[in-house]
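Worksheet: the structure to be examined is printed underneath.
Throughout, numbering of the chain's residues begins at 1 and tracks the sequence.
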Amino acid sequence: MSHPEILWAQRSSSEDETKNILYFTINVPDIIESSIKYDLTPTRISFAAKSGNPEKGIAEKDYKFDLDFYEEVVPEESKKRVTSRDIFLVIRKKEKKDEYWPRLTKEKLKIPFIKTDFSKWVDEDEQDGDKPAVDEDLDMGGMGGMGGMGGMGGMGGMGGMGGMGGMGGMGGLGGMGGLGGMGGMGGMGGMGGMDFEQMMAQAGAAGGSGSADAGEDSDSDDDGPPPLEAA
């Protein structure tokens, strides 16, 4: 039986209970979700689970821990998210106050598998105005939609306007879709018989189609990580 790595950080507030929290991560790579046994009470947390993946040749391993919190928490106001790598908890502290807990556990002991989560930690006197380490509305999946902003890249089609100048046909390269028109360069010797206005209209149409294709490719299907749920 092994202890999983636990990472933790905290925020405190005497006025806003949503900022009076613990960030608590239980790292168990290749966790078997169906094996999880988890119990959060006002004074302690208990956890047991198995990890492994026979299909990848990863042997099963048992993990377990129990610990008493330094002070009481509010289980019904806490949230959790389970992935194949870890269990992430946002645990609400019961007593609202500006001071940090001096430690996570009730007993003043050095426990090797409990470590500070420096990716989420801020000092007590620097937390005013600090942004939450995670989305406090727990709408984690919605963050994946930010990838849709890549559609702004479609503005790159504006480069096709360079073709309006007719500068040696180099402007056409911006639209890439207009490369087919480069073949017409061979007929430059017959410029006297060419309809310059018609040629410019065709170049503009080719540049426009390249911009439309770029916009379609920018859509993102990434829904992001799973949302947190009530603990």
When the ring planes of Tyr70 and Trp101 are compared, do they come out parallel, tilted or perpendicular, using 30° and 60° as the limits? tilted
* With under 30° as parallel and over 60° as perpendicular, where do the rings of Tyr100 and Trp121 fit, or are they tilted in between? -> perpendicular
With Leu89 as partner, the option from Arg81, Lys80, Lys79 fulfilling side chain to side chain contact (heavy atoms under 4.5 Å, CB included) is Lys80
Which of Val90, Ile45, Leu40 passes side chain to side chain contact (heavy atoms under 4.5 Å, CB included) with Phe24? It is Ile45
Taking every heavy atom of Gln127 against every heavy atom of Asp98, the minimum-distance pair comes out as NE2-O, 3.8 Å
| Taking NZ, NE, NH1 and NH2 as the nitrogens, is one of them in Glu71 or Lys93 under 4.0 Å from a carboxylate oxygen of the other? | no
### Query
Between the main-chain N or O of Glu107 and the side-chain N or O of Asp68, is there a donor-acceptor pair closer than 3.5 Å?
no
Side chain to side chain, Tyr63 and Ile26, heavy atoms closer than 4.5 Å: no
Side chain of Thr116, backbone of Phe118: donor and acceptor closer than 3.5 Å? no
* Please indicate whether Lys97 has more than 12 foreign heavy atoms, meaning atoms of other residues, nucleotides or ligands, lying under 6.0 Å from its NZ. => yes
Tightest non-hydrogen contact, residues Thr41 and Pro75, listed as C-CG, 3.6 Å
Are Ser12 and Glu124 close enough that a side-chain donor and a side-chain acceptor fall under 3.5 Å?
no
